[in-house]
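Comments concern the structure below.
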Amino acid sequence: MRVLVTGGAGFIGSQIVRTLAAAGHEAVVLDALLPAAHPAGAPTGDTHPADAGAPAPTPVARLHVGDVRDAEAVAEALRGVDAVCHQAAMVGLGKDFAEAPDYVGCNDLGTAVLLAAMERAGVRDLVLAGSMVVYGEGRYECPAHGLVRPGPRAVEALREGHFEPPCPECGAPLRPGLVGEDAPADPRNTYAATKLAQEHLAAVWARATGGRALSLRYHNVYGPGMPRDTPYAGVASFFRSALARGEAPAVFEDGGQRRDFVHVRDIADANLVALEALRAGEARAPGSFAAYNTGSGHPHTVGEMAQALADAYGGPAPVVTGEFRLGDVRHITASSARVARELGWRARVPFEEGVRDFATARMRTPAHSDA
């Protein structure tokens with residue numbers, strides 16, 4: 001199988017490329033190699049391939065340097081391809097709403113250009129990098145009112161240190177649980193809105209073309225090759241970057257936010273399983289779309305991740321700051337039972353092992369960074 005991996009030089013994309021190669025498949029990479037995400041002069045994302053803890057060199061059948069919004073570049077990259085693994089995206093919460101045009105342009109316009117080119121090229125199998133952010137807050141249960149959906153947290157409450165969302169009916173404390181794929185979407189920031197739009201575009205494309213599309217809704221992905229010192233990376237990257245600078249990881253709110261941290265090797269394996277299932281005709285019928293939660297199945301708090309990384313790295317203990325970001329949600333952990341049942345995928349890297357691995361691994365330093 002020859003697979004086009006958009007964003008294939010990035011943190012997750014490059015691991016997918018290595019996983020595809022190890023399984024005997026060919027990877028074609030389309031990546032804009034933006035300086036904000038990639039080291040200067042490292043076209044496959046491997047900053048220090050000879051160093052301990054660095055990712056292995058990335059085997060690529062063809063490398064196309066280009067933007068996924070460029071129809072000509074996409075058409076060239078699709079030549080001879082059997083399936084597409086769409087990872088290219090502007091990620092993270094961002095700094096402020098002024099970046100909304102960049103997010104929409106890269107994530108949604110880029111996806112539309114890719115899907116239109118796939119239709120013209122006759123490529124009908126797509127695995128999309130989805131995200132758990134489409135849910136907003138996760139699943140909550142009130143002792144008196146059962147399952148409830150709390151709205152956005154009030155700024156006044158956050159400023160006073162009241163981080164847990166109350167029951168919208170009675171104000172009582174809620175018990176967080178695991179959200180399923182059938183839960184209503186409720187994006188709470190620009191990035192989340194663009195990820196949901198990507199799924200809608202993929203579903204429309206599948207119906208219109210007879211294609212088959214799967215979205216893997218990633219949880220908090222971490223591991224070797226994460227970008228360092230960038231506001232667009234995940235929380236695990238923030239903590240690891242601080243430790244590399246000799247600083248204590250800064251934990252927002254009270255550190256009790258629940259997340260599902262899943263290792264990048266497991267995410268790459270999930271993409272391989274999804275692609276092989278599509279190509280074998282086992283996953284979905286033509287014209288269909290499906291989304292799958294893709295996490296470890298073992299939630300941890302943000303504070304636990306910070307402490308585990310600090311312990312494994314041998315750095316200063318985390319500092320709980322009480323700060324908050326309006327686009328953040330309190331708890332989001334999801335059940336990955338459907339992907340296990342329908343595709344046979346389960347995460348295999350235990351939290352403790354993955355954190356030890358990440359604590360000693362080299363991170364990628366963006367070309368614009370002074371680090």
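For clarity, every value in this text was computed on a predicted model and none was experimentally measured.
Hydrophobic cluster membership is shared by Val235 and Tyr313, with clusters built from Ile, Leu, Val, Met, Phe, Trp and Tyr side chains linked at under 4.5 angstrom. Taken together through direct or relayed side-chain contacts under 4.5 Å among Ile, Leu, Val, Met, Phe, Trp and Tyr, Leu272 and Val29 form part of one hydrophobic cluster. Linking ILVMFWY side-chain heavy atoms closer than 4.5 Å, directly or via other members, places Leu243 and Val302 in a single hydrophobic cluster. Hydrophobic clustering of Ile, Leu, Val, Met, Phe, Trp and Tyr side chains at less than 4.5 Å, counting indirect connections, keeps Leu30 apart from Leu128. Put simply, Tyr191 and Leu196 are part of the same group of oily side chains (I, L, V, M, F, W, Y) that touch within less than 4.5 Å, one to the next.
Of the inter-residue distances, the one linking Leu109 atom CG with Leu114 atom CG reads 11.0 Å to the nearest 0.5 angstrom. Taken to the nearest 0.5 Å, the CD atom of Gln307 stands 10.5 Å off from the CZ atom of Phe239. With rounding to the nearest 0.5 angstrom, the CD atom of Gln198 is 8.0 Å from the CG atom of Leu201. The line from CG of Leu178 to OG of Ser336 is 8.5 Å long, rounded to the nearest 0.5 Å. The CG atom of Asp266 sits 5.5 Å away from the CH2 atom of Trp345 when rounded to the nearest 0.5 Å. How far CG of Asp229 is from CZ of Arg240: 10.5 Å, rounded to the nearest 0.5 Å.
At a threshold of 4.5 Å between non-hydrogen side-chain atoms, the residues Arg330 and Arg153 count as touching. For the pair Arg265/Gln15, a side-chain contact is recorded, criterion being any heavy-atom separation below 4.5 Å from C-beta on. Residues Met132 and Tyr218 are not in side-chain contact: their nearest non-hydrogen atoms beyond the backbone lie 4.5 Å or more apart. Counting heavy atoms from C-beta on, the side chains of Leu216 and Asn271 come closer than 4.5 Å. Within the 4.5 Å cutoff, the side chain of Thr294 has no heavy atoms near those of the His219 side chain. Thr209 is listed as a side-chain neighbour of Arg124, based on a closest heavy-atom distance under 4.5 Å. Looking at Arg2 and Val28, their side chains come closer than 4.5 Å, going by heavy atoms from C-beta outward. The side-chain heavy atoms of Pro224 and Val264, taken from C-beta on, include a pair separated by under 4.5 Å.
Panel note: side chain Glu76, backbone Ala73; no donor-acceptor pair is recorded below 3.5 Å. A distance-only check finds no donor-acceptor pair linking the side chain of Arg207 to the backbone of Ser288 [under 3.5 Å]. Side-chain N or O atoms of Arg258 include none that pairs as donor or acceptor with a backbone N or O of Thr333 at under 3.5 Å. Panel note: side chain Arg69, backbone Ala112; no donor-acceptor pair is recorded below 3.5 Å. Side-chain atoms of Ser296 do not come within 3.5 Å of backbone N or O of Val262 as any donor-acceptor pair. Panel note: side chain Asp31, backbone Ala9; a donor-acceptor pair is recorded below 3.5 Å. Looking at Glu160, its side chain never comes within 3.5 Å of a backbone N or O of Leu158 through a donor-acceptor pair. For the pair Arg212 (side chain) and Val127 (backbone), a donor-acceptor distance under 3.5 Å is absent. Of the possible donor and acceptor atoms, one in the side chain of Tyr103 sits under 3.5 Å from a partner among the backbone N and O of Val91. Proximity of a side-chain donor or acceptor of Asp186 to a complementary backbone N or O of Val134 within less than 3.5 Å is not detected.
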Between Val355 and Asp311, does the side-chain contact (heavy atoms from CB on, under 4.5 Å) criterion hold? Intermediate values first, please. CA-CA 10 Å; Val355 170; Asp311 290 344; over 6 Å; no

Give the intermediate values and the outcome of side-chain contact (heavy atoms from CB on, under 4.5 Å) for residues Met1 and Glu26. CA-CA 6 Å; Met1 174 172 52; Glu26 290 186 350; over 6 Å; no

Go through Asp328 and Asn189 one step at a time and tell me if the side-chain contact (heavy atoms from CB on, under 4.5 Å) criterion holds. CA-CA 8 Å; Asp328 280 336; Asn189 56 61; 5.8 Å; no

Show, in sequence, the C-alpha distance, side-chain angles and deciding distance for Gln257 and Phe163, and conclude whether the side-chain contact (heavy atoms from CB on, under 4.5 Å) test is met. CA-CA 9 Å; Gln257 310 94 300; Phe163 302 119; over 6 Å; no

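We find that Asp125 and Arg279 are joined by a salt bridge, their nearest charged nitrogen and carboxylate oxygen being less than 4.0 Å apart. The pair Asp182-Arg338 meets the salt-bridge criterion, with a side-chain N (NZ, NE, NH1 or NH2) lying under 4.0 Å from an Asp/Glu carboxylate O.
Closest heavy-atom contact between Arg188 and Pro150: NH2-O, 3.0 Å. The minimum heavy-atom distance between Ser241 and Pro227, with the atom names listed, is OG-O, 4.4 Å. Here the closest non-hydrogen pair linking Glu181 and Asn293 is OE2-N, 2.8 Å. Between Ala213 and Trp205, the closest heavy-atom pair is CB-CZ3, 4.1 Å. The two atoms that bring Val81 and Ala83 nearest to each other are CG1-O, 2.9 Å, heavy atoms only. Summarising the geometry of Leu343 relative to Ala277, their closest heavy-atom pair is CD2-CB, 4.0 Å, with the distance given to 0.1 Å.
Screening Thr111, Asp102, Asn107 for a side chain to side chain donor-acceptor pair (under 3.5 Å) involving Thr194 leaves a single residue, Asn107.
Remark: the His298 side chain and the Asp260 side chain contain no N/O donor-acceptor pair separated by less than 3.5 Å. No side-chain donor from either of His263 and Glu353 sits under 3.5 Å from a side-chain acceptor of the other. In the model, Tyr135 has a side-chain atom that pairs as donor or acceptor with a side-chain atom of Arg217 under 3.5 Å. Using modelled atom types, one finds a donor on one side chain and an acceptor on the other under 3.5 Å when comparing Tyr292 with Glu342. With 3.5 Å as the limit, one finds no donor-acceptor pair spanning the side chains of Thr6 and Gln87.
More than 12 heavy atoms of other residues, nucleotides or ligands shown are found within 6.0 angstrom of NE2 on His162. Heavy-atom neighbours of Arg341 CZ from other residues, nucleotides or ligands within 6.0 Å: above the threshold of 12. Enclosure of atom CZ in Arg245 by more than 12 non-hydrogen atoms of other residues, nucleotides or ligands within 6.0 angstrom is indicated.
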Check residues 139-148 and write down every donor-acceptor pair under 3.5 Å in which the side-chain atom is one partner and the other belongs to a residue at least two apart or another chain.
unit_1 : atom_1 : unit_2 : atom_2 : d
Tyr140 : OH     : Glu137 : OE1    : 2.6
Tyr140 : OH     : His331 : N      : 3.3
Glu141 : OE1    : Arg175 : NH2    : 3.4

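Relative orientation of the Phe261 and Phe351 rings is tilted, given thresholds of 30° and 60° on the angle between their planes.
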